[in-house]
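For clarity, every value in this text was computed on a predicted model and none was experimentally measured. Sequence lines set the chain letters: A, B, ... in the order given, protein chains first and strands last, and positions in each chain run from 1.
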Number of protein chains: 2
Amino acid sequence: MNVMNASPRRKELTRLAAQLFVQEGFDRTTVRMLAQEMGIKSGSLFHHFKDKQEILAAVIEEGTQNALMIARKALDECAAEPEVRLRAMVRAHLETLLTDRNAHVVALFEWRRLDPAASAHLSHLRDAYEALWVDVIDDALEAGLIHGDRFLVSRFVLGALNWTVRWYDPNGPRSPDDLADELVAMIMPTSA
Amino acid sequence: MNVMNASPRRKELTRLAAQLFVQEGFDRTTVRMLAQEMGIKSGSLFHHFKDKQEILAAVIEEGTQNALMIARKALDECAAEPEVRLRAMVRAHLETLLTDRNAHVVALFEWRRLDPAASAHLSHLRDAYEALWVDVIDDALEAGLIHGDRFLVSRFVLGALNWTVRWYDPNGPRSPDDLADELVAMIMPTSA
DNA sequence: CATTTACACTAGCGCTTGCTTGGTTACTCT
DNA sequence: AGAGTAACCAAGCAAGCGCTAGTGTAAATG
């Protein structure tokens with residue numbers, strides 16, 4: 001069995017699994033469904049993954065790693081003004097969320113299905129990502145761009161953003177960047 | 001079997017089911033677990049509910065009915081100023097969400113598990129509730145309290161509110177009304 | 001008093017689940 | 001050519017699943 005390696009085959013399988021997990025939910029997705037989607041038999045699945053849990057962990061890890069990378073890159077590449085950074089962070093969040101959508105929907109809504117070990121490991125990744133947000137929000141508050149309780153503001157903003165996966169239509173007229181601008185405008189009094 | 005009645009026993013069972021559905025998720029909650037929580041054997045469960053699906057539908061219906069009632073009452077009882085109504089609606093939403101929490105978490109995160117018939121029936125209830133929101137948001141926009149795309153604004157606000165069930169701690173220092181005020185302040189430029 | 005109704009029980013059927021076992025194929029590297 | 005390995009398959013096990021059938025019993029109803 002392929003322990004913890006990142007073979008291209010395994011990556012592709014992870015992508016397919018993410019799609020099925022979104023479509024059906026983790027619990028309703030059987031190993032037989034996963035195998036069929038991958039074009040193999042259910043027994044062969046366990047050559048690539050130790051068990052079903054590990055597939056879930058792989059999907060979530062993949063998505064969270066990506067989010068972290070994109071957000072860091074976006075922040076590195078932009079100016080130091082709090083407003084620019086805030087907008088960049090919102091854009092980066094939506095970009096990841098809506099392009100790598102399957103993995104993120106799984107991360108958001110199936111996190112509880114992780115066993116404690118995997119959850120502990122992945123929590124660090126998620127914390128690292130949220131730390132970026134805390135920084136950006138704090139700077140924006142200090143600069144007077146937005147106001148309010150830092151904890152509540154960041155929760156509200158992340159909630160509004162994460163919820164987009166429930167209604168956003170990528171074939172509709174609005175781009176992810178449109179959403180980002182609209183949200184920033186909504187919470188920034190100076191935009192009037 | 002007790003078809004569609006609303007006996008007090010059934011109401012209590014629905015409440016217990018909601019709790020278990022939140023704890024374990026609908027799919028992982030077995031009829032045997034439900035029965036044990038209710039103090040009966042699994043076979044007896046089907047005297048009260050036609051099948052497992054009907055329990056889910058009962059939980060969601062119960063929660064949505066409550067939300068609709070509370071919101072209507074709140075709007076009826078408050079003044080006509082758009083700002084007052086917006087604040088009242090946000091408060092009502094959070095109040096329902098966080099007191100009748102189990103039912104709403106199920107409604108928000110297990111809706112997809114409903115079979116088409118139940119989903120169609122309950123969609124009307126949810127649409128009635130969302131219509132209240134559309135009204136309030138439209139009035140607030142027209143009065144210049146907030147600005148932006150009416151569709152996006154309402155989605156963002158509802159997203160921020162609904163996401164609270166993922167982090168809000170009822171034993172913490174903040175009351176639901178605190179959250180409501182903070183959110184309204186966040187999106188209303190005039191509050192500075 | 002006889003009958004119905006509400007609610008619970010026992011027992012288990014038929015099926016699906018995640019996962020294992022033991023073996024085969026195809027390809028690479030020496 | 002021979003060894004090693006990654007990828008797969010057929011077959012099936014043990015456990016758990018939703019749900020049904022048939023029965024018992026105490027309270028309400030005629």
Side-chain angles (χ1 to χ4, degrees), chain A residues 1-60 106 110 112-119, chain B residues 1-60 106 110 112-119:
Chain A
M1 191 243 309
N2 261 334
V3 261
M4 280 293 159
N5 73 351
S7 68
R9 183 85 176 117
R10 184 172 151 130
K11 271 223 166 180
E12 172 65 6
L13 298 184
T14 303
R15 213 185 49 82
L16 288 170
Q19 189 192 328
L20 260 184
F21 287 164
V22 169
Q23 243 174 63
E24 306 285 330
F26 175 71
D27 292 323
R28 278 174 122 83
T29 305
T30 69
V31 295
R32 285 166 179 81
M33 293 166 65
L34 286 165
Q36 185 170 30
E37 193 76 10
M38 297 165 178
I40 58 180
K41 299 294 173 177
S42 73
S44 313
L45 224 168
F46 296 91
H47 171 71
H48 301 278
F49 301 93
K50 163 169 153 281
D51 54 20
K52 199 185 164 191
Q53 275 282 329
E54 199 183 273
I55 309 181
L56 177 62
V59 168
I60 295 184
V106 173
E110 309 281 3
R112 298 164 6 124
R113 304 289 159 240
L114 288 169
D115 59 37
S119 173
Chain B
M1 195 241 307
N2 260 335
V3 259
M4 280 295 159
N5 74 353
S7 69
R9 182 88 174 114
R10 185 172 150 128
K11 271 223 167 181
E12 172 64 6
L13 297 185
T14 303
R15 212 185 50 80
L16 288 171
Q19 191 193 327
L20 260 184
F21 287 163
V22 169
Q23 241 174 65
E24 307 284 330
F26 176 70
D27 292 323
R28 279 173 122 82
T29 304
T30 70
V31 294
R32 286 166 178 83
M33 292 164 66
L34 287 165
Q36 185 170 31
E37 193 76 11
M38 297 165 178
I40 57 180
K41 300 292 174 178
S42 73
S44 313
L45 224 167
F46 295 92
H47 172 71
H48 301 278
F49 301 93
K50 164 169 151 283
D51 53 21
K52 198 186 164 190
Q53 274 282 330
E54 199 183 274
I55 309 181
L56 177 62
V59 169
I60 295 185
V106 173
E110 309 281 3
R112 299 164 2 127
R113 303 290 159 239
L114 288 169
D115 59 37
S119 174

Peer 1: Distance check needed: C:dT17 P versus A:Glu24 CD, whole Å only.
Peer 2: 11 Å

Peer 1: Specify the separation, in whole Å, of atom CG of B:Leu45 and atom P of C:dA6.
Peer 2: 17 Å

Peer 1: Just N and O in the side chain of B:His48: are any of them under 4.0 Å from OP1 or OP2 of C:dA8?
Peer 2: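 Answer yes for this pair, as a side-chain N or O of B:His48 is under 4.0 Å from OP1 or OP2.
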
Peer 1: Grab the CZ-C1' distance between B:Arg9 and C:dA6 for me, whole Å please.
Peer 2: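 Interatomic distance, CZ of B:Arg9 to C1' of C:dA6: 11 Å.
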
Peer 1: Could you give the CE-to-P distance, from B:Met38 to C:dC7, as a whole number of Å?
Peer 2: 14 Å

Peer 1: Measuring to OP1 and OP2 of C:dC7, would you say a side-chain N or O of B:His47 lies under 4.0 angstrom away?
Peer 2: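 Checking B:His47 against C:dC7: at least one side-chain N or O falls below 4.0 Å of OP1 or OP2.
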
Peer 1: How does protein contact run along nucleotides 22-28 of chain C, one letter per nucleotide 5' to 3', with B for base contact, S for sugar-phosphate only, - for none, heavy atoms under 4.0 Å?
Peer 2: -------

Peer 1: Rounded to whole Å, please give me the gap between CZ in B:Phe49 and P in C:dC7.
Peer 2: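 My rounded result for the distance is 11 Å.
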
Peer 1: Scan residues 28-44 of chain A for pairs that pass side chain to side chain donor-acceptor pair (under 3.5 Å), counting only residues two or more places apart or in two chains.
Peer 2: A:Arg28-B:Asp27

Peer 1: Taking side chain to side chain contact (heavy atoms under 4.5 Å, CB included) as the definition, give me every residue that meets it alongside A:Ala58, ordered by chain and number, with sequence neighbours left out.
Peer 2: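 For A:Ala58, the residues satisfying side chain to side chain contact (heavy atoms under 4.5 Å, CB included) (neighbours in sequence not counted) are A:Arg10, A:Thr14, A:Phe49.
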
Peer 1: Under the rule for side chain to side chain contact (heavy atoms under 4.5 Å, CB included), what residues qualify as partners of B:Ala17, not counting sequence neighbours?
Peer 2: B:Phe21, B:Leu34, B:Met38, B:Ile55, B:Val59

Peer 1: For nucleotides 15-22 of chain D, give me one character per nucleotide, 5' to 3': B if any protein heavy atom sits under 4.0 Å from the base, S if the only such contacts are to the sugar-phosphate, - if neither.
Peer 2: --BBBB--

Peer 1: Give every residue pair that meets the side chain to side chain donor-acceptor pair (under 3.5 Å) criterion with at least one member in residues 15-25 of chain A, sequence neighbours excluded.
Peer 2: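 Every pair satisfying side chain to side chain donor-acceptor pair (under 3.5 Å) with a residue in residues 15-25 of chain A: A:Glu12-A:Arg15.
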
